[in-house]
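The structure under discussion appears below in the form of C-alpha cells.
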Amino acid sequence: MSTTVEIDKDALLKAHKSGTAAEKKLLEKLHGKDMFQPDLMQTVKSIADIYRLAGVNARSYALPKTATADQIAENAFRKLRLAAQIMNQGWKPDWSNDNQYKYYPYFVWDNKKKGFSFAHVGCLYTLTSVGSRLCFRTSALAEFFGKTFLSEYNDFLIN
C-alpha cells in the first residue's frame, strides 16, 4: 500500500541547507538533486552575478583601454564560457549520446541596433553548428542565457 505525503518545499529546502552531509545525501536521494539546486534564472541578471557565483575577480576579465577587436572577442568568449559552466550547474553535454538534446540560443542581425538580437532556441544532437561549450540542457535555459548575455554574445560574434 502506497501513501502520499505532502512536504512543504520551503521546509524541505531549509532542512537540506542546515543538514549534515549524510542528511543532504538522503534528501537528494529521496527528492532528486535538482530539487536542491538554486534557480539561477531567478538570481543571475548579469555577468557580475556570474563572477560572484564563480568566486572570480572581475578584474581578471578586464581589458586594457587599447584592447583590439580580437582581444574583445576572446574575452567575451571567456565570459560566456564561465557563465555557461555556472548556469549549467555541472551538466555537460554527452556528445556520444544521440538521445540527449542540447540547446543553444539563436540570434539574428538587427540593422537598426547594428548588432545581434535574440531570435529563438535551437536544438542539436551529436552534430553541432555552435560552440559546444555554449549549449544547455533545456531550451528555457538557452533562451535565458541568450537574452541575459546578449552584450557578451555581440562582443564575441561581431568583433
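Positions are given from 1 along the sequence.
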Heavy-atom pair of closest approach, residues [X] and [Y]:
{"X": "Lys102", "Y": "Cys135", "value": "CB-SG, 4.1 Å"}
{"X": "Phe136", "Y": "Leu134", "value": "CE1-O, 3.3 Å"}
{"X": "Ser117", "Y": "Asp110", "value": "OG-CB, 4.2 Å"}

For this session: Test ring pair (Phe, Tyr, Trp, His ring centres under 6.0 Å) on Phe107 and Tyr153 and set out the steps.
Result: CA-CA 9 Å; Phe107 305 93; Tyr153 268 108; 4.6 Å; yes
For this session: Given ring pair (Phe, Tyr, Trp, His ring centres under 6.0 Å), test Phe77 with Phe156 step by step and report yes or no.
Result: CA-CA 6 Å; Phe77 178 70; Phe156 173 54; 5.3 Å; yes
For this session: Enumerate the residue pairs fulfilling salt bridge (charged side-chain N to carboxylate O under 4.0 Å, His left out) with a member in residues 66-78, sequence neighbours excluded, ordered by first and then second residue.
Result: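 Passing the test, one end in residues 66-78: no pairs.
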Problem set entry | Pairs meeting criterion salt bridge (charged side-chain N to carboxylate O under 4.0 Å, His left out) with involvement of residues 19-30, two or more places apart |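 Pairs touching residues 19-30 that pass the test: none.
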Problem set entry | Shared hydrophobic cluster for Ile72 and Phe116 (ILVMFWY, side-chain gaps under 4.5 Å) |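 Unlinked, Ile72 and Phe116 end up in two clusters.
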For residues 138-149, which side-chain N or O atoms pair as donor and acceptor with protein atoms under 3.5 Å away, sequence neighbours left out?
{"residue": "Thr138", "atom": "OG1", "partner": "Leu141", "partner atom": "N", "Å": "3.0"}
{"residue": "Glu143", "atom": "OE2", "partner": "Lys147", "partner atom": "NZ", "Å": "2.7"}
{"residue": "Thr148", "atom": "OG1", "partner": "Phe144", "partner atom": "O", "Å": "2.8"}

For this session: Output all residues satisfying ring-ring contact (aromatic ring centres under 6.0 Å, His included) with Trp91, sequence neighbours left out; order by chain, then residue number.
Result: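 So Trp91 forms no ring-ring contact (aromatic ring centres under 6.0 Å, His included) with any residue.
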Problem set entry | Transitive ILVMFWY cluster of Leu13, excluding itself - 4.5 Å side-chain cut-off |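 Under the 4.5 Å side-chain rule, Leu13 groups with Val5, Ile7, Leu12, Leu27, Met35, Phe36.
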Name each donor-acceptor pair under 3.5 Å that joins a side chain in residues 79-87 to protein atoms two or more places apart or in another chain, with its distance.
none

Exercise. How many angstroms lie between atom NZ of Lys92 and atom CD of Gln100, to the nearest 0.5 angstrom?
Worked result: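 Result: 12.5 Å between the selected atoms.
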Problem set entry | Atom pair NZ (Lys9) and CD (Glu6), whose distance is rounded to the nearest 0.5 Å |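 The distance works out to 14.5 Å.
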Problem set entry | Set of salt bridge (Lys or Arg N to Asp or Glu O under 4.0 Å) partners for Asp49, sequence neighbours left out |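 By the salt bridge (Lys or Arg N to Asp or Glu O under 4.0 Å) rule, Asp49 matches Arg52.
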Problem set entry | Asp10: side chain to side chain donor-acceptor pair (under 3.5 Å) partners, not counting sequence neighbours |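 If we apply the side chain to side chain donor-acceptor pair (under 3.5 Å) test to Asp10, skipping adjacent residues, there are no hits.
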Per-pair distances, 0.1 Å, donor-acceptor, side chain in residues 53-63, under 3.5 Å, sequence neighbours excluded:
{"residue": "Asn57", "atom": "OD1", "partner": "Arg59", "partner atom": "N", "Å": "2.8"}
{"residue": "Ser60", "atom": "OG", "partner": "Asn57", "partner atom": "O", "Å": "2.6"}

